[in-house]
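A short worksheet on the structure shown next.
The residues of the chain are indexed from 1 along the displayed sequence.
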Amino acid sequence: MVVAAIPGCSGASRLTAHPWMRAFCCSASSSSSPFPSHPPQASSETSPALPAPVPFFPKRGSTLELVCESLAFKGKGVCKVSDTGFVVMCDSALPGERFLGRVSRRKGNYAEVTKLKTITPHLDFVEAPCEYTSYCGGCKTQNLLYEAQLKAKEQQVRDLIIHVGNFSSRDCEKECTFKTIVPCDIQFHYRNKMEFSFGVQRWVPRDAPNGNRDLTENDYALGLHAPGFFDKVLHINKCLLQSEAANKVLAIIQDCWWDQNLGLSPYNVHTHHGFLKHLMLRTGRDKKTGFAEVMVNFVTSSYKPEMLEPLVEKISIISEVVSVMNNVNSSVGNTSVGEQEYTLYGKSTISEVLRGLTFHISANSFFQTNTYQAEVLYKLIEDFADLKGDQSEIVLDLFCGTGTIGLTLARRVRHVYGYEVVEEAISDARRNAIINGIHNATFVRGDLNKIDDNFGKDFPRPDIVISDPNRPGMHSKLIKYLLKLRASRIIYISCNPATCSRDLDYLCHGLPERNLTGCYRLKSVQPVDMFPHTPHIECICALELC
């Protein structure tokens, strides 16, 4: 067994070269290594030759004693091996924590390790209230002081903008305002949607010095997928991120669904037999009463409503449950979106109030997962848009989803044109416009990754572009269109600051190999913490035409 120790850590400042950033930047290149193959060579005229450092390449399965120095994007802990500077990444390590880690895989010139045992806790340790924190992989930083979480996220956004976006620190300080991250005042029970999976194998984690091996029992489970596995489910009785009303529903279902007398079976992803696939719980709010509304959505492999009837009877007695849906997905895939949808109880949608507007939410429609913080986010978007308020401006809302952003701006502009690829989302957006009496919003189904030269000919030239893409960011075709369009302002909302930084680079600096010339200036960057205790970061970026 190889054991290496590293000296005490002084925080993120020691990672001046940002090795995790280099790994990200080079991941799209043709080289298989995320780092330069050869270090820069010193000139023999200015300094004597130095002996070459002894390379250190830990073998898979070797054990290292490490100290986490900082958090990288996606919440991985960054560590260095003593005397060599070799970088290793650990998924559950936090800054200042000294621990034993076992090398699980090599990736070019860095490695990933699995934490075996904590020797000394991290710098800002707090007791995590959730019993599943160490295992489910969702709330990776729940036992890190919230203020420290915010600081790490803010630094990650800044690093990504500078290193991936190719904005120099000096230029950013001179031309762009990096704003302090906006915290979330509600740090638990903030999610309005949770998706759980049914499984035939219950994942039982076991902390042990022999490698933290995972055990599975041939026992039914309803919960969250074990990190890195599609076929093992961690049984969950309560999730501290979802609403209390949703937890009441989960508790009732957990208490009875496995009863053999009901004849219900979880779907087996290997044999493709079984009935129950997923349980989705969504929480909204009635505009008149302000009370919670819960939608329960059973995703099954076939349509057998009589099989679900006992569960429907038990959960429908909960006053907050106003809708029970059944999405039928007969494919072998693991998605929760069904080919057909049926209403088993109550209504087919729940409602939510956001920025004074009422939105009807169906089982498969997109809606901001943290309603409370979405109020804050949308107010910031409106501020960044810097609307004249005289109803003279045209807004192009790209990746509009159910129209939430565009509709909250519609009453201050002349017209909103929204584009989205999901047909159900466009239907919801149109319905939401009617519900709120908004007549100056047009929503069109279209794949923004496949636009051609005709895109933009069916609406007036916009003054402001709102872009809220999913995690992969914007396609080069769309970026090319925006550079040709030359709208006066672009507001880019991102749930992935890495791909956001890449797109900002293209919009501001261009891409010579594709004959793209940048024409925008990055004016301000505003991180927003939408999901406390997780590595996810929302970010608003304002760009102005040069």
Side-chain angles (χ1 to χ4, degrees), residues 179 182 184-186 190 192-193 282-288 290 349-362 365-420 422 424-444 448 459 462-470 487-495 524 526-530 538-543:
K179 297 181 180 291
V182 176
C184 184
D185 294 338
I186 299 176
Y190 59 79
N192 56 38
K193 176 186 175 184
R282 304 193 75 147
T283 306
R285 180 174 32 148
D286 183 88
K287 183 177 182 179
K288 295 180 180 179
T349 63
I350 56 176
S351 59
E352 185 54 275
V353 181
L354 188 60
R355 301 283 293 158
L357 301 178
T358 300
F359 294 92
H360 285 196
I361 307 167
S362 58
S365 63
F366 171 80
F367 194 81
Q368 282 288 350
T369 313
N370 184 342
T371 308
Y372 176 87
Q373 197 71 337
E375 288 273 357
V376 177
L377 180 74
Y378 286 11
K379 175 62 169 63
L380 289 168
I381 293 171
E382 185 174 336
D383 293 343
F384 275 43
D386 194 22
L387 300 173
K388 296 177 181 178
D390 59 359
Q391 297 183 321
S392 64
E393 295 160 296
I394 301 293
V395 173
L396 177 59
D397 186 7
L398 303 175
F399 309 95
C400 66
T402 55
T404 50
I405 296 177
L407 291 174
T408 58
L409 302 176
R411 288 174 177 164
R412 297 189 60 196
V413 303
R414 189 170 74 178
H415 207 95
V416 172
Y417 293 89
Y419 279 80
E420 170 63 48
V422 180
E424 293 84 357
I426 288 296
S427 298
D428 287 341
R430 292 168 179 167
R431 182 171 62 248
N432 288 328
I434 295 172
I435 291 170
N436 292 282
I438 296 174
H439 306 291
N440 61 332
T442 302
F443 295 101
V444 180
L448 292 168
F459 55 82
D463 303 286
I464 303 168
V465 174
I466 308 289
S467 183
D468 187 9
N470 52 15
S488 60
R489 293 189 299 284
I490 296 178
I491 310 301
Y492 192 125
I493 305 102
S494 173
C495 60
S524 56
Q526 175 66 76
V528 180
D529 188 23
M530 296 290 290
E538 202 83 9
C539 196
I540 310 171
C541 300
L543 297 97

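Within the structure, salt bridge (Lys or Arg N to Asp or Glu O under 4.0 Å) pairs that include any residue of residues 397-420 comprise Glu382-Arg412 (at least two apart or interchain).
Here the side chain of Asn192 pairs a donor or acceptor atom with the backbone of Thr369 at under 3.5 angstrom. No donor-acceptor distance shorter than 3.5 angstrom exists from the side chain of Asp463 to the backbone of Val395, with no hydrogens or angles considered.
Atom CD1 in Ile491 sits 10.5 Å away from atom OG in Ser467 (nearest 0.5 Å). A distance of 6.5 Å separates CG in Asn470 from CZ in Phe399, rounded to the nearest 0.5 Å. The distance from the OG1 atom of Thr283 to the OH atom of Tyr190 is 14.0 Å, given to the nearest 0.5 Å.
Across every non-hydrogen atom of Cys184 and Gln373, the tightest pair is CA-NE2, 3.5 Å. Annotation for Met530 and Ala374: closest pair CE-N, 3.9 Å, computed over non-hydrogen atoms. Contact record, Pro462 with Ala487: O-CB, 3.8 Å, taken as the closest heavy-atom pair. Pairing each heavy atom of Ala429 with each of Gly401, the nearest pair is CB-O, 4.0 Å. Closest of all the heavy-atom pairs between Ala542 and Phe384 is CB-CD2, 3.6 Å. In terms of heavy-atom proximity, Phe443 sits nearest to Gly403 at CE2-CA, 3.8 Å.
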Problem set entry | Residue pair Leu387, Leu409: steps toward the side chain to side chain contact (heavy atoms under 4.5 Å, CB included) verdict | CA-CA 9 Å; Leu387 300 173; Leu409 302 176; 4.1 Å; yes
Exercise. Side chain to side chain contact (heavy atoms under 4.5 Å, CB included) between Gln368 and Glu538: does it pass, once the steps are laid out?
Worked result: CA-CA 11 Å; Gln368 282 288 350; Glu538 202 83 9; 4.3 Å; yes
Problem set entry | Stepwise side chain to side chain contact (heavy atoms under 4.5 Å, CB included) check, Ile466 with Ile490 | CA-CA 6 Å; Ile466 308 289; Ile490 296 178; over 6 Å; no
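Taking the salt bridge (Lys or Arg N to Asp or Glu O under 4.0 Å) definition, one finds that Lys287 meets it with nothing, sequence neighbours left out. Among residues two or more places apart in sequence or in another chain, the side-chain hydrogen bond (donor to acceptor under 3.5 Å, both in side chains) test is passed with Asp386 by none. Listed by chain and residue number, Ser362, Ser365, Thr402, Arg431, Asn432 satisfy the side-chain contact (heavy atoms from CB on, under 4.5 Å) test with Asp428 (two or more places apart in sequence, or in another chain). Residues satisfying the salt bridge (Lys or Arg N to Asp or Glu O under 4.0 Å) test with Asp286, not counting sequence neighbours, are none. A search for salt bridge (Lys or Arg N to Asp or Glu O under 4.0 Å) contacts involving Glu352 returns Arg285, not counting sequence neighbours. For Arg489, the salt bridge (Lys or Arg N to Asp or Glu O under 4.0 Å) partners two or more places apart in sequence, or in a different chain, are Glu393. For the ring-ring contact (aromatic ring centres under 6.0 Å, His included) test, residues two or more places apart in sequence or in another chain that qualify with His415 are Tyr417. Considering only residues two or more places apart in sequence or on other chains, Ser488 meets the side-chain hydrogen bond (donor to acceptor under 3.5 Å, both in side chains) condition with none of them. Applying the side-chain hydrogen bond (donor to acceptor under 3.5 Å, both in side chains) test to Ser351 and every residue at least two apart in sequence or in another chain returns Glu293. The side-chain hydrogen bond (donor to acceptor under 3.5 Å, both in side chains) check on Thr349 picks up nothing, with sequence neighbours excluded. Not counting sequence neighbours, the partners of Glu375 by the side-chain contact (heavy atoms from CB on, under 4.5 Å) test are Leu354, Arg355.
Residues Ile435 and His360 have side chains in contact (heavy-atom distance under 4.5 Å, counting atoms from C-beta outward). At least one side-chain heavy atom of Val182 sits less than 4.5 Å from a side-chain heavy atom of Leu380. Counting heavy atoms from C-beta outward, Ile405 and Ile493 have side chains that approach closer than 4.5 Å. No side-chain heavy atom of Thr442 sits under 4.5 Å from any side-chain heavy atom of Val416. For the pair Ile426/Val444, no side-chain contact is recorded, criterion being any heavy-atom separation below 4.5 Å from C-beta on. Contact check for Ser524 versus Lys179: side-chain heavy atoms found under the 4.5 Å cut-off.
For Tyr419 and Phe459, the gap between ring centers is short of 6.0 Å.
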